[in-house]
Amino acid sequence: MATHPLPEADSSKSYLADPPGVWSWLVTLDHKRIGVMYLVSILAALALGGFFAMLVRTELALPGQTIMGNNAYNQMFTLHGAVMIFLFIIPGIPAALGNFVLPLMLGAKDVAFPRLNLFSYYLYVIGAVFFLLTLLTGGLDTGWTFYVPYSTSTDTRVVTAAIGAFVLGFSSVFTGLNFVVTIHTLRPPGMTWFRMPLFLWALYATAIIQLLATPVLGITLLLIAAERLVGIGIFDPQIGGDPVLFQHFFWFYSHPAVYIMILPAMGIESELISVFSRKHIFGYRFIAFSSVAIALLGFLVWGHHMFVSGQSALASMIFSALTFSVAIPSAIKVFNWLATMYRGAISLATPMCYGLMFIFLFGIGGLTGLFLGALSVDVHLHDTYFVVAHFHYVMFGGTLIAFLGGLHYWWPKITGRMFSDTWGRVAAVVIFAGFNLTFFPQFVLGTRGMPRRYFDYSKLLEVHPEFAGYNMLSTIGAFLLAGGMILVAVYLLHSLWRGAPAPANPWGAATGEWQCSSPPPRENFASPPAVRDPYDFSHLVFDPRTRGYVARSSTEVAAAAQPEGG
Amino acid sequence: MKHHAAFRGERACHRNLQQHDTETMDSRSDSPSHSATPGRGAEQHSGASHDATLAHHFQSHEQQFAAGKLGMWIFLLTEVLLFGGLFCAYAVYRANRPEIFHYAYEHRFLDVNLGALNTVILIFSSFTMAWAVRCAQLGKQRGLIALLTITLVCGGLFLGNKYLEYKHKWEERLLPGKHFGYQAETGEGSPAVAASPPASSAAPQSEESPPEYVAVFFGIYFMMTGLHALHVAGGMGAIAWLIWRAAKGHFTRAYFGPVDYVGLYWHLVDIIWIYLFPLLYLIH
């Protein structure tokens, strides 16, 4: 790998080294450092959640007990869900990538409240510690959904986990608060709302949900804890409570939560599709407004998780209709991305591979959500593997794939290194194949009636002998998928030591973060960058010397000064 | 709001700060100043102005104040949603089991006088808090400290009354859920796990014995007033911090944001109580 020094980069002044020392990281107020700390933490959470997933799939590879008994299995799927949701996917893109990129896109020096930002990170750490405590002192077997009455009567560590989730909730709330205030008050002169990059619209819409929905989860968890510790009676029918009330409270947060998961991913997608088609994003305002529409409509559909809970038929019908309506803004985005690609000059660099995968996988995930939103169909599909496949297609095929795309896209900016694009594409193909092999069979399993959260399906084989084959396929896919993810880790880590130094703008994007060096200096910009249309690439041209993109005028000047053909 | 150039000279205790300015002292201040510390970290501030009350990522005091204000309003919105879940639970139980609430009112489970006193205390404290913010805006340090102290004392009185109320509940065994053990005057309740009376047909009882599940009222009562009391305590902590900072002379006519923001929070704590009081104590 070439290790030639770049003309402008000076690693001693990069935010990674300035100021030096471990302590300076622990008390940093630099959004870039906080973003990196979050990134490391959530990747660790991803690995832990993935480990639990592999245990689940290994158990299900064969009917009957394979490697664990029923109680252990309940713990495995619970911990897989809880760790992935609360420690990886909800903080994920906003905390790890958003923190880093948001001020840079605005040409700002930091977010509005840097101390609050650091506090958010430490809340995340404290929440994670509570989850680890839960793991080490008896585990959790309620499912990540904590439904009563089981969650108020089981003797696993529900209160510890609830405290962890409560603290993590506040981490999320404060991050959202920071982003909203930053976008309102720290936009540079000239950057109106409609000249912002779409990733910021996505983060803004996400932040609205984080602010409005998470406190409801907070109070729900407090009520669960109070029910267990003091027996207040809110959810216990024996002393006057209502267990379905818990479901309403829980899903009032947890449905909008899934939009917290997907909106930032869609924001990344807008950036990737435009840059790697070298074409202005199509339908900017439609995409911007649809982000806000998804955020708001997402608050109105929580009852679609409760169609079989005994709620009234009228309520179910209303929730079903609203669920169909929330698919519309998502579809609008997909059409706009496709229109962006049409007649663009598409480059299949690794980030774009993930960008393309997203459209396909999120498309499947979103459409299968519509099947579940149809009342009569949901009665059969509720609590089957169809639901499991649906949400993995949107959460993994959607959010995690977009996260990987964004990670690869901003990797040069964050680390100052280029990764191997060849290995990147190989891993993307492996992940695509592994993902589909894991989860597509689960759609079939679900439509044929295999229930979720079952550790032993041997009795079902009498009527459905094919369940064994599909489960085995799914497990094989899971191992392939794990292999692909490990491959990503290997070449990304390798790039930290051996990657080529990255130019300021390796992909030729026009948003603000590419106008400082890779990695950026501590203060981000010596002087605030010019505000321009974030999707107009006409002023950029590839400079083979630095293997990056530069503003057109500087190279034309240089070329004019050289002899012909230079 | 005009930005005044008034800025205090700094002591060298802020070791990483590059000091450029010693602008005019604000003659209105009573005590020597001490720079506000913008951050915990060992951050270098490279170059430019050195007003320690303006964080380095903001261009102006106006921008910083606008950001802080917006931030606090948003935080208050999240608090409303946090309490909102409990108000929703209240509404559900009130609609489904109104007899519980009637019984609670008729038997004077809650002391309306103490509740009313607490309401007056909190409203008065909101007044002193607003006045304190005004003093901060005008740079009147002594008034600021005095009014903040009165507000703090009011908070303490509120919590003191809460303690008296809770003590009474504890003594009468008016406790949530399975701990409920109230003995009505006509003496049918038993002190043990009485909250699930025998499974007779659960029609609302006559006035002599409590309705089934009356303990639910106390689940709601303790959660709502308890969470509120925690917020009062938190607010008191913030006010104490403000008093400390005000005594050190941190607040000037150009920089009083924290007083304003804590003031907003305190008003929210007051407003929540203004809803809690009638819903729990008054309506029947």
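Labels below follow one simple rule: chain letters A, B, ... track the order of the sequence lines, proteins then strands, and each chain is numbered from 1. The figures here come from the full heavy-atom set of this structure, side chains too, leaving out hydrogens, waters and symmetry mates.
With a 4.5 angstrom heavy-atom cutoff, Asp236(A) does not touch chain B via any of its atoms. Looking at Tyr93(B), the atoms closer than 4.5 Å to chain A (heavy atoms on both sides) all sit in the side chain, from C-beta outward. Using a 4.5 Å cut-off between heavy atoms, Val173(A) contacts chain B through its side chain alone, with no backbone atom that close. Using a 4.5 Å cut-off between heavy atoms, Ala226(A) touches chain B through its side chain atoms alone. Using a 4.5 Å cut-off between heavy atoms, Pro237(A) contacts chain B through its backbone alone, with no side-chain atom that close.
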* Check the pair Leu211(A) / Ile74(B) against side-chain contact (heavy atoms from CB on, under 4.5 Å), numbers first and verdict last. => CA-CA 8 Å; Leu211(A) 291 168; Ile74(B) 293 176; 3.3 Å; yes
* Quick one: do Gln63(B) and Leu186(A) satisfy side-chain contact (heavy atoms from CB on, under 4.5 Å)? Show the steps, please. => CA-CA 8 Å; Gln63(B) 193 186 41; Leu186(A) 289 180; 3.5 Å; yes
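Contact count against chain B (heavy-atom pairs under 4.5 Å) is highest for Val111(A) among Asn524(A), Val111(A), Asn178(A), Leu217(A). Looking only at heavy-atom pairs under 4.5 Å with chain A, the residue among Gly84(B), Ala66(B), Gly85(B) that has the most is Gly85(B).
Among all heavy-atom pairs drawn from Ala112(A) and His57(B), the shortest one is O-NE2, 2.9 Å. Of all the heavy atoms in Lys109(A) and His56(B), the pair that sits closest is CD-O, 3.8 Å.
In this structure, the side chains of Leu81(B) and Thr214(A) stay at 4.5 Å or more apart for every pair of heavy atoms. In this structure, the side chains of Leu227(B) and Ile219(A) come closer than 4.5 Å at one or more pairs of heavy atoms.
Note: Lys69(B) NZ to Thr185(A) OG1 = 14.5 Å, rounded to the nearest 0.5 Å. Rounding to the nearest 0.5 angstrom, the gap separating the CD1 atom in Ile220(B) from the CD1 atom in Ile234(A) is 5.0 Å.
Panel note: side chain His184(A), backbone Ala67(B); no donor-acceptor pair is recorded below 3.5 Å.
Trp193(A) CH2: more than 12 foreign heavy atoms inside a 6.0 Å radius.
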